[in-house]
Amino acid sequence: LCSNNNPYASFGATLARDEEQNLWSTPHDVTHTEADDDRVLYNMIVVRNQLDKDSEEWQKLSYDIYTLRQTRKEVRSRWKHILEDLGFQKEADSLLSVTKLSIISDSQNMSKARDILLKLSEETNIFPTSWELSERYLFVVDRLIALDAADEFFKMASAVYPKRPGGDRVDKGPRPLQS
């Protein structure tokens, strides 16, 4: 029964490898990119997997990994909502999709994309206060520049996620509907 010819013998190991490769948010996420923040998460996963599962260190790392993934999901969700409010309902997921093969559409846009991304981080709460800017969103801003929608995106982000001294959104309830 314990034959090496069993095609399902490595199924659990494959799932574990897939989960380790998942550095963005969900298993089998094809938008994975090997940016600095992905390497940080990957290193956390590697260290955690070397620890005893009953240890306090393992539990702390598991919590930190979960928290980082949840934060990434929230940031992506904020971007997606703004894109949808701007009329990109069908294109939002593809605009947010960044892979190892993604390229900047126009090298002339790079400095403008960096400026807008920095402005978004400084003047809005679209990113959490402790967030280190992700290279992933540089590609997204570049796409918005190519679509001539970057300035509108910034205006919408400023309205929906205004910067406040406490670092929270003005409203904790549902976001206002945009017309």
Side-chain angles (χ1 to χ4, degrees), residues 22-26 29 31-45 60-61 63-179:
N22 161 27
L23 302 180
W24 185 245
S25 58
T26 56
D29 183 355
T31 66
H32 164 68
T33 182
E34 291 183 4
D36 288 341
D37 56 333
D38 289 331
R39 282 189 285 279
V40 168
L41 181 55
Y42 178 77
N43 289 335
M44 290 171 63
I45 292 168
K60 182 181 179 335
L61 272 173
Y63 177 79
D64 291 345
I65 291 165
Y66 172 80
T67 302
L68 182 55
R69 285 183 171 154
Q70 289 304 110
T71 302
R72 288 174 164 198
K73 284 181 184 180
E74 175 63 25
V75 169
R76 185 182 191 286
S77 175
R78 290 176 181 184
W79 280 70
K80 184 174 180 176
H81 286 130
I82 293 171
L83 289 170
E84 289 172 344
D85 286 348
L86 289 174
F88 294 106
Q89 290 86 1
K90 293 181 181 177
E91 300 88 356
D93 286 325
S94 62
L95 285 170
L96 291 169
S97 176
V98 177
T99 68
K100 295 177 206 176
L101 303 176
S102 295
I103 58 170
I104 297 293
S105 64
D106 183 353
S107 60
Q108 304 263 321
N109 290 344
M110 180 61 85
S111 67
K112 184 175 180 181
R114 284 188 197 281
D115 291 345
I116 292 172
L117 190 60
L118 188 59
K119 195 173 166 183
L120 280 165
S121 73
E122 292 174 348
E123 298 180 24
T124 73
N125 278 330
I126 195 166
F127 297 111
T129 52
S130 62
W131 183 268
E132 291 185 31
L133 288 181
S134 174
E135 184 180 356
R136 170 179 304 271
Y137 290 100
L138 188 62
F139 288 93
V140 178
V141 172
D142 173 64
R143 293 169 183 165
L144 292 173
I145 291 170
L147 293 169
D148 199 26
D151 292 330
E152 288 300 315
F153 184 91
F154 177 78
K155 287 177 190 172
M156 181 76 67
S158 296
V160 177
Y161 299 104
K163 194 67 148 186
R164 292 193 19 166
D168 292 331
R169 277 178 48 195
V170 172
D171 67 323
K172 288 288 189 179
R175 295 180 312 106
L177 293 176
Q178 302 296 322
S179 56

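- Counting all heavy atoms, side chain and backbone alike, Pro162 lies closest to Asn125 at O-ND2, 3.0 Å.
- Across Met156 and Ile82, no two heavy atoms sit closer than the pair CG-CG2, 3.5 Å.
- Residue pairs meeting the salt bridge (charged side-chain N to carboxylate O under 4.0 Å, His left out) criterion with at least one member in residues 119-128: none, sequence neighbours excluded.
- No donor-acceptor pair closer than 3.5 Å links the side chain of Arg69 to the backbone N or O of Leu41.
- Across Ala150 and Ile116, no two heavy atoms sit closer than the pair CB-CD1, 3.6 Å.
- Residues meeting the side-chain hydrogen bond (donor to acceptor under 3.5 Å, both in side chains) test with Lys60, sequence neighbours left out: Asp64.
- Taken from CG in Leu120 to CZ in Arg78, the straight-line distance is 12.0 Å, to the nearest 0.5 Å.
- Once rounded to the nearest 0.5 Å, the distance linking CG of Leu61 with CG of Asn43 reads 11.0 Å.
- Put simply, the side chain of Phe153 does not reach to within 4.5 Å of the side chain of Val140, judged on heavy atoms.
- Residue Ile126 holds its CD1 atom at 6.5 Å from OH of Tyr161, rounded to the nearest 0.5 Å.
- At a threshold of 4.5 Å between non-hydrogen side-chain atoms, the residues Glu91 and Leu83 do not count as touching.
- Here Leu96 contributes atom CG and Lys80 contributes atom NZ; the two are 8.0 Å apart, rounded to the nearest 0.5 Å.
- Here the side chain of Ser77 pairs no donor or acceptor atom with the backbone of Lys73 at under 3.5 angstrom.
- For Thr71 (side chain) and Thr67 (main-chain N/O), a donor-acceptor pair under 3.5 Å exists by modelled atom type.
- Minimum heavy-atom separation, Val75 to Pro128: CG2-CD, 3.4 Å.
- Nearest approach of Ser121 to Lys163, heavy atoms of both residues: O-NZ, 3.5 Å.
- Between Trp79 and Phe127, the two ring planes are tilted [angle within 30° to 60°].
- You'll find the side chain of Phe154 reaches within 4.5 Å of the side chain of Thr124, heavy atoms only.
- Residue pairs meeting the salt bridge (charged side-chain N to carboxylate O under 4.0 Å, His left out) criterion with at least one member in residues 137-161, sequence neighbours excluded, are Glu152-Lys155.
- In this structure, the separation between CG on Leu86 and CG on Leu144 is 8.0 Å, given to the nearest 0.5 Å.
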